[in-house]
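Here is the structure we will look at.
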Amino acid sequence: MRFGLIESLDSFVKNHNNRQVIMLPVAVFLVSLLIIGLMFFSSGSPVRLGMEFEGGSMIAMTTEDSTDYLEEQYSEFPIQDLRKTGDRVVMQFGPMGSEQQIAIEDEISSKYSNVEIRQIGPVYGESLQRQALMALLISFIGMAAVVYLIFRTPVPSFVVIASAVSDITIAAALMNLTGIELSFGTVAALLMIIGYSVDSDILLNNRLLKRKGNLDEKITRAMHTGVIMTTTTLSAVVMLYLISTYTYLIIPWISQVSILSDISVVLIFGLAADLLNTWVFNTGVLRWHLGKGKGRRSKA
């Protein structure tokens with residue numbers, strides 16, 4: 001399968017001119033920006049915020065009641081998510097007034113057993129939002145500095161940064177489409193995507209800029225190495241998703257690990273986007289850049 005993917009990417013790049021190659025990932029990036037923009041105008045945030053960033057309450061308890069019954073029972077409260085594994089239920093609520101908060105805590109504590117309550121205030125959530133944004137910003141600044149020190153030319157540095165930005169944007173747009181919220185775990189996944197994006201882009205830049213030989217052959221060799229690396233990681237992440245999400249169907253007493261499930265899905269989004277951005281967009285830009293340099297030398 002992976003070799004079929006390599007052949008498809010290699011064939012697409014070689015059988016289309018640079019403009020056609022570049023326009024496909026650019027179009028995907030622009031659609032992703034549109035999705036994020038619509039989410040921002042509808043909710044005030046570019047992605048759905050989880051409890052850690054928006055504030056709210058998470059209540060876990062042991063019960064035999066169905067999820068439909070619980071949703072109806074607590075419909076007057078701002079319930080955002082409800083998950084059940086075996087006899088354990090986790091309910092997540094948005095920010096509530098003090099009277100509502102006390103009422104639901106008293107009701108659940110008196111009715112169910114093994115109750116666990118966790119709260120995050122909206123002010124603390126806003127502080128965490130700023131910290132998460134600062135972490136992403138520092139990551140991009142550090143990445144840009146390292147890339148420029150390695151290549152010392154603007155075009156290779158630009159494509160590495162552009163690829164990372166596009167990977168994050170596409171992953172965030174797909175998070176919106178699939179209902180995955182921004183949490184500590186998904187922020188960590190987005191930071192991992194930045195690191196992986198830089199790794200694959202530097203591989204491509206090194207092979208094309210610092211090695212001698214036919215350009216098409218260098219692209220093919222770099223693509224063969226890079227795509228195998230990415231698909232190997234993708235396979236591991238897909239297995240993580242399947243285990244963290246569906247193991248409880250086979251072994252009922254093992255709970256679904258929702259945070260690992262969300263992290264793995266976001267990583268799948270980012271790695272898939274990186275295949276497009278590195279081996280299509282960046283390859284097209286670098287091929288144009290190197291061809292432009294050859295044209296100048298031949299004129300001289």
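These values consider heavy atoms only, across backbone and side chains, with no hydrogens, waters or symmetry-generated copies.
Using a 4.5 Å cut-off on side-chain heavy atoms (C-beta onward), Ile161 and Asp201 make no contact. Met175 is not listed as a side-chain neighbour of Arg48, based on a closest heavy-atom distance of 4.5 Å or more. Side chains of Ile180 and Phe269 form a contact here, defined as non-hydrogen atoms less than 4.5 Å apart. Side chains of Leu82 and Val90 form no contact here, defined as non-hydrogen atoms less than 4.5 Å apart. Between Ile194 and Asp167, every side-chain heavy-atom pair lies at or beyond the 4.5 Å cut-off. In this structure the side chain of Leu275 reaches within 4.5 angstrom of the side chain of Val227, judged on heavy atoms. Counting only heavy atoms from C-beta outward, the side chains of Leu174 and Leu177 approach each other to under 4.5 Å. Annotation: side chain of Thr231 is not in contact with side chain of Ile6 (no heavy-atom distance under 4.5 Å).
In this structure, Tyr196 has no ring-ring contact (aromatic ring centres under 6.0 Å, His included) partners at least two apart in sequence or on a different chain. For Ser45, there are no side chain to side chain donor-acceptor pair (under 3.5 Å) partners at least two apart in sequence or on another chain. In terms of the side chain to side chain donor-acceptor pair (under 3.5 Å) criterion, residue partners of Ser11 (sequence neighbours excluded) are, by chain and number, Asn15.
Interatomic distance, Tyr112 OH to Glu107 CD, rounded to the nearest 0.5 Å: 7.5 Å. The distance from the OG atom of Ser264 to the CG atom of Leu234 is 11.0 Å, given to the nearest 0.5 Å. The line from OG of Ser43 to CG of Leu38 is 10.5 Å long, rounded to the nearest 0.5 Å. Gln92 contributes atom CD, which lies 9.0 Å from atom OG of Ser258 (distance to the nearest 0.5 angstrom). Here the OG1 atom belonging to Thr278 is positioned 10.0 Å from the CE atom belonging to Met229, to the nearest 0.5 angstrom. Here the OG atom belonging to Ser163 is positioned 9.5 Å from the CG atom belonging to Leu204, to the nearest 0.5 angstrom.
Counting all heavy atoms, side chain and backbone alike, Met223 lies closest to Asp10 at SD-N, 3.4 Å. Between Phe281 and Pro25, the shortest heavy-atom contact is CB-CG, 3.3 Å. Across Tyr69 and Lys111, no two heavy atoms sit closer than the pair OH-NZ, 3.2 Å. The heavy-atom pair separating Gly284 from Val21 by the smallest distance is CA-CG1, 3.9 Å. Residues Ala189 and Val266 come closest through the heavy atom pair CB-CG1, 3.8 Å. Considering all non-hydrogen atoms of both residues, Asn205 and Pro156 come closest at ND2-O, 3.3 Å.
Remark: the Thr169 side chain and the Ser32 side chain contain no N/O donor-acceptor pair separated by less than 3.5 Å. There is a side-chain donor-acceptor pair under 3.5 Å between Ser57 and Gln101. In this structure, a donor-acceptor pair under 3.5 Å is present between the side chains of Asn114 and Thr62.
The ring-ring contact (aromatic ring centres under 6.0 Å, His included) analysis of residues 161-182, with sequence neighbours excluded, yields no pairs. Residues in residues 14-46 take part in these ring-ring contact (aromatic ring centres under 6.0 Å, His included) pairs, two or more places apart or across chains: Phe12-His16. Identified under the ring-ring contact (aromatic ring centres under 6.0 Å, His included) test for residues 206-234, with sequence neighbours left out: Phe3-His224.
By the rule that hydrophobic residues join a cluster once side-chain heavy atoms approach within less than 4.5 Å of another member, Leu34 and Leu30 end up as members of separate clusters. Hydrophobic clustering, with ILVMFWY side chains joined whenever heavy atoms are under 4.5 angstrom apart, keeps Ile138 apart from Leu182. Using a 4.5 Å cut-off between side-chain heavy atoms of Ile, Leu, Val, Met, Phe, Trp and Tyr, with links allowed through other members, Val265 and Val237 fall into the same hydrophobic cluster.
Judged purely by atom type and a 3.5 angstrom limit, Thr245 has no side-chain atom pairing as donor or acceptor with the backbone of Leu242. At distances below 3.5 Å, at least one donor-acceptor pair connects side-chain atoms of Thr186 with backbone N or O atoms of Glu181. Under the 3.5 Å distance criterion, the side-chain polar atoms of Asn282 are matched with a main-chain donor or acceptor of Val159. Judged by distance alone, the side chain of Asn277 and the main-chain N or O of Ala273 form a donor-acceptor pair under 3.5 Å. The backbone N or O of Arg211 lies less than 3.5 Å from a partner atom in the side chain of Lys218, making a donor-acceptor pair. Between the side chain of Asn176 and the backbone N or O of Pro46 there is at least one donor-acceptor pair closer than 3.5 Å. Counting only distance, with no hydrogens or angles, the side chain of Ser200 and the backbone of Ser197 share a donor-acceptor pair below 3.5 Å. Remark: side-chain polar atoms of Ser244 are paired, donor with acceptor, to backbone N or O of Tyr241 under 3.5 angstrom. The closest donor-acceptor contact from the side chain of Glu71 to the backbone of Asp68 lies at 3.5 Å or more, if one exists at all.
In this structure, Arg221 places its CZ atom where more than 12 heavy-atom neighbours from other residues, nucleotides or ligands lie under 6.0 Å away.
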After noting the C-alpha distance and the side-chain angles of Glu105 and Val115, does the key distance pass the side-chain contact (heavy atoms from CB on, under 4.5 Å) rule?
CA-CA 9 Å; Glu105 289 181 9; Val115 177; over 6 Å; no
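When each of Thr220, Asp216, Thr283 is tested with Lys14 by the rule side-chain hydrogen bond (donor to acceptor under 3.5 Å, both in side chains), just one qualifies, namely Thr220.
Under the 4.0 Å criterion applied to side-chain N and carboxylate O atoms, Glu116 and Arg88 are assigned as salt-bridge partners.
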